[in-house]
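Only this structure's heavy atoms are used, side chains among them; waters, hydrogens and symmetry mates stay out. All chains are named by letter (A, B, ...) in the order of the sequence lines, taking the proteins before the strands, and each is independently numbered beginning at 1.
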Protein chains: 2
Amino acid sequence: MSAAYSGTHKDYLKTIYLLTVDGGRAETGQIAEKLRVTPASVTDMIQRLASESPPLVDYQKYHGVTLTSEGEQVALQVLRHYRLLELFLHEILGYSWDKVHTEANRLEHAISEYFGERVAEVLGEPTRGLYGSPIPSKDLEMPHQNLVCLHDLRPGESGIMHSIWDEDPGLFRYLEKYGLKPGVKLSVLDYSPYDHNLHLQVEGQEKEVVLGASVTAQIFVEKE
Amino acid sequence: MSAAYSGTHKDYLKTIYLLTVDGGRAETGQIAEKLRVTPASVTDMIQRLASESPPLVDYQKYHGVTLTSEGEQVALQVLRHYRLLELFLHEILGYSWDKVHTEANRLEHAISEYFGERVAEVLGEPTRGLYGSPIPSKDLEMPHQNLVCLHDLRPGESGIMHSIWDEDPGLFRYLEKYGLKPGVKLSVLDYSPYDHNLHLQVEGQEKEVVLGASVTAQIFVEKE
DNA sequence: AATATATTTTAGCCTAATCTAAAATAATCT
DNA sequence: AGATTATTTTAGATTAGGCTAAAATATATT
Ligand SMILES: [Mn+2]
Ligand SMILES: [Mn+2]
Ligand SMILES: [Mn+2]
Ligand SMILES: [Mn+2]
């Protein structure tokens, strides 16, 4: 189906996907920051993405872009490769969490579809990757998930830790020290309305864990 | 040490290495054919390789190039990646022989040094790849080998099949039908001076195998 | 040795993807 | 509402790596 897009095209599309997955448009400046290029370069590129046939983005001057369905297909394919690679590097090649990102981000464009499917098979056709991130299926459907931000849970509610915003490895390591990693059950014991701190009971930990709003806002849980 | 050379640079250097490993110079037209670009493009590129600092090739106008030792280091690094990947794709991901080449040729530039070493470890630090091709060590030494062309063996002489010229998968499959694959012992029973045919005893085969000069010239054996 | 053929190099052009500086537009503040 | 600030777009330039056509050089043939 889809033509063979360049690695650069794919990086733009993946970035736009991640910026718009929760609704809204991806703005020039945001894309520029993520891809570490100048806004002028982004304007140039998104105009080219918009004038591909079929168009890959819907571009409104001065108001950023959204993906067309063609653009989304490409983005999901790259994202599938990316998340399969993350898992593969960690599980099969023994990469540590923090080394995974850079390598997967380079390899995601270099591997063939066939490579992707071979890796998927070796890994047992996973639907969740590192940090619990969802992996699009081979036919590019996102696995359904009933996620809620930990920040929004209140005493008495509980869930399974799922993933963290932006997949920040530094934050990930910090949370690991409190036993907080994907798959772990947690329940909210208390909430302080003044500082928005949450007091948590974390599976496998004796002491309760207290996290500030700037941290809980970054954590997604699958509500029970 | 070495700067970060582009994938294109590396493809040229690997190609030049393979064209000069048996001595002599790599000519513009040969490189152009292997890389499927025009001779004019090759001239342009080898002039740039020659004016890198340090220079990667020794260029003599109208008489092709040889690698400098810096160029050879880069070539060996790429070749190591390439041959590790070939083996990896076949052994770990279950690629068939003929699918391996294209993927490895793309991935050889995309993987990091770290990835290469992780793969090497998973494979058990191999020194020979598919078709018995030698894999440069981590510090870029080629494994010693006392190879001779099957074409030059005469009755009474014998050896272990090692590899085939140019790693042609079609020829490889043809030879497999006669039990001829890397690691198999063979001895020369007879030689016809008129057609240069060789009559071979191949380990594991009852009937003798007769091969023409155009085939025996492509086969390397480790002499006993 | 002269001519014909094959190979290589030069010259000029092209596209993708980036940049900087300046101009245009939108968003924010008073 | 008007002025200031922030963001985006345009214009023009650059670099890598390719191309074609023509010129230069080398190799082969008579
Ligand atoms: Mn707007
Ligand atoms: Mn990428
Ligand atoms: Mn010469
Ligand atoms: Mn290559």
Whole Å only: how far is the [atom1] atom of [X] from the [atom2] atom of [N]?
X: Ile31(A); N: dA17(C); atom1: CD1; atom2: C1'; value: 15 Å
X: Leu49(B); N: dG17(D); atom1: CG; atom2: C1'; value: 12 Å
X: Glu33(B); N: dT8(C); atom1: CD; atom2: P; value: 11 Å
X: Gln30(A); N: dT8(D); atom1: CD; atom2: C1'; value: 13 Å
X: Arg25(B); N: dA26(D); atom1: CZ; atom2: P; value: 14 Å
X: Glu27(A); N: dA6(D); atom1: CD; atom2: C1'; value: 12 Å
X: Lys10(A); N: dA16(C); atom1: NZ; atom2: P; value: 16 Å
X: Tyr62(A); N: dT28(C); atom1: OH; atom2: P; value: 16 Å

Using the side-chain heavy atoms of [X], tell me which of these nucleotides is nearest: [options].
X: Pro39(A); options: dA26(D), dA17(C), dT9(D); answer: dT9(D)
X: Arg48(B); options: dT9(D), dA26(D), dG17(D); answer: dG17(D)
X: Met45(A); options: dA26(C), dC19(D), dT18(C); answer: dT18(C)
X: Tyr12(A); options: dT18(C), dT20(C), dT8(D); answer: dT18(C)

message = Assuming nearest nucleotide by heavy-atom distance, tell me which of Ala40(B) and Thr8(A) is located more 5' along DNA chain C.
response =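 Closest to the 5' end, via its nearest nucleotide, is Ala40(B).
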Would you say a side-chain N or O of [X] is under 4.0 Å from OP1 or OP2 of [N]?
X: Tyr59(B); N: dT9(C); value: yes
X: Ser41(A); N: dC19(C); value: yes
X: Thr28(B); N: dT9(C); value: yes
X: Thr43(A); N: dT10(D); value: no
X: His63(A); N: dT25(C); value: no
X: Gln47(A); N: dT10(D); value: yes
X: Lys61(A); N: dA24(C); value: no

inquiry  = Just to be sure I understand the rule, does Asp44(A) reach a base, reach only the sugar-phosphate, or reach nothing, if contact means heavy atoms closer than 4.0 Å?
reply    = base
Do you see a donor-acceptor pair shorter than 3.5 Å between the side chains of [X] and [Y]?
X: His81(A); Y: Gln77(A); value: yes
X: Tyr82(B); Y: His109(B); value: no
X: Arg128(A); Y: His162(A); value: yes
X: Tyr95(B); Y: Glu103(B); value: yes

request  = Apply side chain to side chain contact (heavy atoms under 4.5 Å, CB included) to Leu35(B) and Asp11(B), showing your working.
outcome  = CA-CA 8 Å; Leu35(B) 292 176; Asp11(B) 268 338; 4.1 Å; yes
request  = Go through the steps to decide whether Asp58(A) and Arg25(A) satisfy the test side chain to side chain contact (heavy atoms under 4.5 Å, CB included), and finish with yes or no.
outcome  = CA-CA 10 Å; Asp58(A) 173 71; Arg25(A) 310 183 68 80; 3.3 Å; yes
